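Remember, it's a predicted structure, so these values are computed and weren't measured experimentally. Order of the sequence lines sets the chain letters (A, B, ...), proteins ahead of strands, with each chain counted from 1.
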Amino acid sequence: MNYQDLADLIFPDAKPIQYYEEKYPERNLPEGAIVTRYAPSPTGRMHIGGLYQALIAIAVSKKTNGVFFLRIEDTDQKREVENGITEIVSSLQEFGMGPDEGQISETEEIGNYGPYKQSVRKDIYQAYAKYLIEQGKAYPCFCSPEELEEMRQKQEAAKIRPGYYGVWAKYRNLSVEDAIQKIKNGEQYIIRFRSPGNEERKIKHKDIIKGNVDFPENDQDIVIIKADGLPTYHFAHAVDDHLMRTTHVIRGDEWLSSVPLHLQLFQEMGFKTPKYAHISPIMKNDNGNKRKLSKRKDPEASVCYYSEEGIPPEAVKEYLLNIANSTFENWRRANPDKEIDEFDFQLNKMSVSGALFDMVKLLDVSKIVISRYSAEEIYEKSFAWAQKYDPELCEMLKDKEYALKVFGIERGNAKPRKDIAKFRDVKENIIYLYDDKYFAQTHTYEYDKIQDKEEIKKILQMYLEKYFHETDDKQTWFENIKNLAEELGYAKDVKAYKQEPEKWPGHVGDISTVLRVALTARRNTPDMYEIMQIFGKERIEKRFQKAIEVLEK
RNA sequence: GGCCCCUUGGUCAAGCGGUUAAGACAUCGCCCUUUCACGGCGGAGACAUGGGUUCGAUUCCCGUAGGGGUCACCA
């Protein structure tokens, strides 16, 4: 009896690997095209780190006219979660990051290199496992989990390197006959890789991001097929990325130390090795300690946080790209209107260590992104956000014509306002411009310099009677406020006042402040002329009246 | 603990043997301005540490400290 008999006994129905090799031929792509992927496990809400990885993968594949595909790594049924794939697919979609090929819903996929869901590729993995067994490069192991655990404890107690290797690899040298006998006896087993490695030897590896790294060779006989017949990550990675013709494996750097194993697997199976790029995780400062952004502890770790807050997807992408390649920022400044895809992303320029997540910076990016929107765009996006997350704002925005006027204040010009960082800010930002909300609230009118009740009343009344005309242009409008100031004995010109402040009780700015506060109950607002234009005389009058009522209380 | 990786201002980061050590965010001041925002100008603020190598180290080598990753029939 020989390896072939053993292989046939274990996987009687597996196809020869030639079948798959032919079914999934080399891709016909231009020179230098990068084929890469995002390969998450459907285990819950999508993590920002995953989005980051996918974004980078897309950037490099787009740049080289390559392929970006989505593969679902669901070989661990225990950790799987309902609608896990939908979560991934819809998150990517929301960010405009749909794959060129791969899984596109729980059950559907596109592309010729599928299936793209590992759980339905069982036959393929088994064919390759069989191939390995035939050559004596893999073998059945009959250790129970308890036995393995016991072994590990022994190793730890003896302070030697834990694992299934060398003399500890109990079934590595079991004869084919004995193995066959055990299997026929119905003993449980899994399939292990017979590692040709030697821990004493070093391998050199060049990672695109991390640079040169030296590791000891792998000598662990790792499990390749689990008791449930599904492959482990390592084996699936080798088989899939070979068959899907991946040229660049872009993944989190928690995999870096598995590289010796992966390289060995590729070599032993006769596969061409892909290039690796290991991305540092996005970190968070936790009481002086750096740690990975955690979905449990940090809301901002979940991709859904951004849509809930109303931070535009493109802002998140720009921020992430910024962490990835700091030259992005300069490029963006120079090319404000270009698509992100046009940025020449450099994998090898990525930081070797993990960046701390900076919400303040993200919000700054977001402010810039939102400031570039037209009134129409910010209306549409705010409305869409409000429909999901804020019924009150949604109600306010139903009057589109009015909302467009509101959003149009100081927008669409060369120096647009940058006062909205996320759609959640919108309501607070505009609510005082809505009469029903405004009059329903009780306000404290915090006037600044001019506090005298009678003086304030006089200013408001006189302004409406003599100095406000709906048809005035901005210059005339402000000239009128100056005239009002003068009539009341205030300085018309702020500079003149500042030079000789003792000559006047105040200046035109103080008058403006009274008008502004009485009009909006706020000291800080965007351009008051535009606000008054939107309101018209009648509404201004109503608001002044309310201000006066409050004064008289 | 073994193995591997990392360490430039508060944060993200250029630089890769000779630089007044870029830039962005944040911060502070001034200017612009009827307020705020925007914008403009300016300030403060960094090469973890100790040894080498070198005419010269932030840049190269070694050690130390600190941080991160990894050691599953999880990915």
Using a 4.0 Å heavy-atom cut-off, does [X] contact any base of the nucleic acid, only the sugar-phosphate backbone, or nothing at all?
| X | value |
| --- | --- |
| Pro42(A) | nothing |
| Ser351(A) | sugar-phosphate |
| Val365(A) | nothing |
| Arg161(A) | nothing |
| Cys143(A) | base |
| Ser280(A) | nothing |
| Lys349(A) | sugar-phosphate |
| Lys495(A) | sugar-phosphate |
| Lys202(A) | sugar-phosphate |
| Glu156(A) | nothing |
| Pro216(A) | sugar-phosphate |
| Ser41(A) | sugar-phosphate |
| Arg333(A) | sugar-phosphate |

From the set [options], return the single nucleotide nearest to any side-chain atom of [X].
| X | options | result |
| --- | --- | --- |
| Ser353(A) | C73(B), C6(B), C38(B) | C6(B) |
| Thr232(A) | C5(B), C73(B), U34(B) | C73(B) |
| Ile190(A) | C12(B), C5(B), C73(B) | C73(B) |
| Ala355(A) | G39(B), C12(B), A75(B) | C12(B) |
| Phe215(A) | U35(B), G23(B), C4(B) | C4(B) |
| Lys415(A) | C38(B), C4(B), A26(B) | C38(B) |
| Arg192(A) | A75(B), C73(B), G23(B) | C73(B) |
| Arg516(A) | C6(B), C73(B), U35(B) | U35(B) |

Exercise for the section: Could you list by number each residue of residues 81-89 of chain A showing a heavy-atom separation from RNA chain B of less than 4.0 Å, or answer none if no residue does? Expected result: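 Those residues: none at all.
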In whole Å, what is the span from the [atom1] atom of [X] to the [atom2] atom of [N]?
| X | N | atom1 | atom2 | result |
| --- | --- | --- | --- | --- |
| Lys210(A) | C4(B) | NZ | C1' | 10 Å |
| Phe235(A) | C74(B) | CZ | P | 15 Å |
| Glu318(A) | A13(B) | CD | P | 17 Å |
| Asp214(A) | C4(B) | CG | C1' | 10 Å |

Practice task
Pick the C1' atom in G52(B) and in G66(B), then give their distance to the nearest Å.
Solution key: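 Taking atom C1' in both G52(B) and G66(B), they lie 22 Å apart.
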Handout entry: Residues Asp241(A) and Arg37(A) bridged, charged N to O under 4.0 Å
Key =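 Yes, charged N to carboxylate O under 4.0 Å.
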Exercise for the section: Check whether any side-chain N or O of Lys292(A) sits under 3.5 Å from a backbone N or O of Ile282(A) as a donor-acceptor pair, and report yes or no. Expected result: no
Problem - Mutual orientation of the aromatic rings belonging to Trp504(A) and Tyr497(A) [parallel < 30°, tilted 30-60°, perpendicular > 60°] - result: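 The arrangement is tilted - the two ring planes meet at 30° to 60°.
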[X] to [Y] six-membered ring, cation-pi geometry met (6.0 Å, 45°):
| X | Y | result |
| --- | --- | --- |
| Arg543(A) | Tyr438(A) | yes |
| Arg192(A) | Tyr164(A) | yes |
| Arg161(A) | Tyr165(A) | yes |
| Lys130(A) | Phe11(A) | no |

Practice task
Answer with yes or no whether the side chains of Asn218(A) and Gln264(A) bring together a donor and an acceptor at under 3.5 Å.
Solution key: yes
Exercise for the section: Decide whether Asn330(A) and Thr327(A) meet the rule of one side-chain donor and one side-chain acceptor closer than 3.5 Å. Expected result: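 No - no donor-acceptor pair under 3.5 Å links their side chains.
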Handout entry: Val360(A) or Asn285(A), whichever maps to the more 5' nucleotide of RNA chain B
Key = Asn285(A)
Problem - Val223(A) or Phe357(A), whichever maps to the more 5' nucleotide of RNA chain B - result: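 Closest to the 5' end, via its nearest nucleotide, is Phe357(A).
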Exercise for the section: Please indicate yes or no: is the ring centre of Tyr233(A) less than 5.5 Å from the centre of the six-membered base ring of C74(B), with the two planes inclined by under 30 degrees? Expected result: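 Whether judged by distance or by angle, Tyr233(A) falls short somewhere, so it does not stack on the base of C74(B).
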Exercise for the section: Kindly say whether, by distance alone, the side chain of Arg417(A) makes a donor-acceptor pair under 3.5 Å with the base of C36(B)? Expected result: yes
Handout entry: Ring centres under 6.0 angstrom apart (Tyr233(A), Trp255(A))
Key =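 Yes, ring centres under 6.0 Å apart.
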Handout entry: Partner of Ile311(A) by side chain to side chain contact (heavy atoms under 4.5 Å, CB included), out of Val365(A), Leu363(A), Val369(A), Ile370(A)
Key = Leu363(A)
Handout entry: Bracket notation of RNA chain B in which parentheses pair within the strand, [ ] cross earlier pairs, and | pairs with another strand (Watson-Crick or G-U, under 3.5 Å)
Key = (((((((..(((.....[....))).(((((.......)))))....(((((..]....))))))))))))....
Fill in the blank from the handout: Residue pairs meeting ring-ring contact (aromatic ring centres under 6.0 Å, His included), one or both in residues 346-370 of chain A, sequence neighbours left out, come to Tyr319(A)-Phe357(A)
